[in-house]
Engineer: 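What follows is a structure written as structure tokens; I'll ask about it next.
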Protein chains: 2
Amino acid sequence: MTGPMREPTFLILTALAPEPRYGYEIIREVAGLSGGRLKLRPGTLYGALDRLADAGLLERDREEVADGRLRRYYRLTEAGSVALTAEAERLDRNAAAARLGLDRRAARSAAGSTGRSGAGSAVGSAAASPRLAGGTA
Amino acid sequence: MTGPMREPTFLILTALAPEPRYGYEIIREVAGLSGGRLKLRPGTLYGALDRLADAGLLERDREEVADGRLRRYYRLTEAGSVALTAEAERLDRNAAAARLGLDRRAARSAAGSTGRSGAGSAVGSAAASPRLAGGTA
DNA sequence: CGATATATATCGGCAACTGGTAGGTTAGGC
DNA sequence: GCCTAACCTACCAGTTGCCGATATATATCG
């Protein structure tokens with residue numbers, strides 16, 4: 001679990017970044033962070049919590065009983081914080097690369113040569129591509 | 001294919017954003033964009049190309065024979081461009097959310113209350129979470 | 001009581017990817 | 001000439017995280 005993580009995993013870690021939270025609260029927090037777009041299923045949440053705990057990115061914090069219901073709190077570990085930071089940087093770099101490519105595309109559209117590029121570019125298409133410094137996702 | 005895409009898919013679209021490219025060139029471009037981190041396998045590439053074409057995000061551009069080798073060019077469609085733009089924005093929002101959470105975490109660490117938060121925060125943990133305007137990933 | 005919300009937990013199936021294999025051509029080195 | 005690496009497209013079994021669901025329990029409200 002050092003490679004790219006998918007969005008649910010990422011947002012779970014994000015939800016736990018500021019403070020420990022219990023399962024159901026993570027679900028709500030992730031929904032909020034995603035503007036209602038991502039509704040974590042219990043299967044996804046607890047599967048991810050187990051995986052991330054096994055990988056040392058998070059751990060059990062404490063248990064509490066509130067209104068007759070057990071709440072199991074989790075917290076991000078230092079390794080989890082590091083992984084989340086690295087992942088955020090990866091996202092930034094990927095987004096920047098896409099932006100650059102889209103900008104160049106728009107510039108080409110404005111120049112009138114769109115889509116079917118001329119036959120002359122077949123060999124020349126190995127032109128310098130945006131090479132991002134630290135690597136992207 | 002309107003939901004979150006994984007990194008290989010995203011970077012394939014990014015490689016095709018500025019101009020049409022053929023399969024092997026996409027592999028090289030993606031490797032460059034990712035700083036050598038992501039080496040697309042043929043299985044991944046052609047599987048994704050088929051999927052993305054089926055979804056209308058890219059299409060066949062042309063074929064060429066160079067040095068006795070067939071090169072099959074692909075180009076991003078307008079829908080693909082739109083999807084890539086949306087995806088880049090999603091990445092930005094996600095990264096920003098993670099940063100915010102990590103900053104709050106660092107602030108808590110500096111305040112001396114780390115990890116095991118006090119018992120008093122059990123009910124108050126529903127405090128206002130960073131609510132990003134347009135929604136995140 | 002029934003419906004809804006709040007809470008944790010488990011599981012089968014699926015899609016995208018991983019990690020390969022395959023077939024072919026060309027160029028360079030020995 | 002032979003071998004290796006690079007250049008090209010194509011196909012496939014296995015893995016993994018997630019989807020979509022089910023289950024159990026408590027609490028509240030009409």
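What you are looking at is a predicted structure, and each value in this text was computed from that prediction instead of being measured. Naming convention: chains lettered A, B, ... in sequence-line order (proteins, then strands); numbering from 1 in each chain.
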Engineer: In whole Å, what is the span from the CZ atom of B/R6 to the P atom of D/dT16?
Structural biologist: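 So the CZ-P distance, B/R6 to D/dT16, works out to 12 Å.
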Engineer: Before giving the answer on side-chain contact (heavy atoms from CB on, under 4.5 Å), spell out for A/Y73 and A/E63 the whole-Å C-alpha distance, their side-chain angles and the decisive distance to 0.1 Å.
Structural biologist: CA-CA 6 Å; A/Y73 283 76; A/E63 297 185 353; over 6 Å; no
Engineer: Tabulated below should be each protein N or O lying under 3.5 Å from an N or O of nucleotides 5-8 of chain D; please produce it.
Structural biologist:
unit_1, atom_1, unit_2, atom_2, d
D/dC7, OP2, B/Y24, OH, 2.9
D/dC7, O2, B/R69, NH1, 2.6
D/dC8, OP1, B/R71, NE, 2.6
D/dC8, OP1, B/R71, NH2, 2.2
D/dC8, OP2, B/Y22, OH, 2.6
D/dC8, OP2, B/R71, NH2, 3.4
D/dC8, O3', B/L70, O, 3.2

Engineer: State plainly whether the residues A/R71 and A/D61 are in salt-bridge range, i.e. N to O under 4.0 Å.
Structural biologist: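 No.
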Engineer: To the nearest Å, give me how far apart CZ (A/R21) and P (C/dA7) are.
Structural biologist: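 Whole-Å distance recorded here is 14 Å.
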Engineer: Side-chain contact, heavy-atom cut-off 4.5 Å: B/V30 with B/P8?
Structural biologist: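 Answer no - side chains too far apart.
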Engineer: Nearest nucleotide by nearest heavy atom, which residue falls closer to the 5' end of DNA chain D, A/P42 or A/F10?
Structural biologist: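 With A/F10 and A/P42 compared, the 5'-side residue is A/F10.
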Engineer: Distance check needed: D/dG20 P versus A/L45 CG, whole Å only.
Structural biologist: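 A/L45 atom CG is separated from D/dG20 atom P by 16 Å.
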Engineer: Do the charged groups of B/D103 and B/R108 touch, with an N to O distance under 4.0 Å?
Structural biologist: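 Looking at B/D103 and B/R108, the cut-off is not met.
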Engineer: Taking CD1 from A/I27 and C1' from D/dC18, how many angstroms apart are they, rounded to a whole number?
Structural biologist: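 Computing the A/I27:CD1 to D/dC18:C1' distance gives 14 Å.
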Engineer: Take atom OH of A/Y73 and atom C1' of C/dT6, then tell me their distance rounded to the nearest Å.
Structural biologist: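 Rounding to the nearest Å, OH of A/Y73 and C1' of C/dT6 are 13 Å apart.
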Engineer: Contact class for A/G68 vs. all strands (heavy atom < 4.0 Å): base, sugar-phosphate, or nothing?
Structural biologist: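 Sugar-phosphate, no base atom in range.
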Engineer: On the nucleotide C/dC17, are OP1 or OP2 found under 4.0 Å from the side-chain N or O atoms that B/T9 carries?
Structural biologist: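 The answer is yes; a side-chain N or O of B/T9 sits under 4.0 Å from OP1 or OP2.
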Engineer: Would you kindly give the CG-to-C1' distance between A/D50 and C/dT8, to the nearest whole Å?
Structural biologist: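 In whole Å, C/dT8 C1' and A/D50 CG are 12 Å from each other.
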Engineer: Any salt bridge between A/R105 and B/E19, counting N to O under 4.0 Å?
Structural biologist: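 B/E19 and A/R105: not salt-bridged.
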Engineer: Hydrophobic side-chain clustering at under 4.5 Å (ILVMFWY, transitive links): who's grouped with A/V82? Put none if nobody.
Structural biologist: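 For A/V82, no cluster forms, as it stays isolated from other hydrophobic side chains.
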Engineer: Rounded to the Å, how far apart are A/D61 CG and C/dT8 P?
Structural biologist: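 After rounding, the reported distance stands at 13 Å.
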Engineer: Give the rounded distance in Å between these two atoms: CZ of A/R41 and C1' of D/dA23.
Structural biologist: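 For the pair A/R41 CZ and D/dA23 C1', the rounded distance is 18 Å.
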Engineer: Is A/R51 near enough to D/dG17 that one of its side-chain N or O atoms lies under 4.0 angstrom from OP1 or OP2?
Structural biologist: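 Yes, A/R51 has a side-chain N/O under 4.0 Å of OP1/OP2 on D/dG17.
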Engineer: Can A/L13 and A/L57 be said to form a side-chain contact (heavy atoms from CB on, under 4.5 Å), step by step?
Structural biologist: CA-CA 8 Å; A/L13 293 180; A/L57 299 193; 4.3 Å; yes
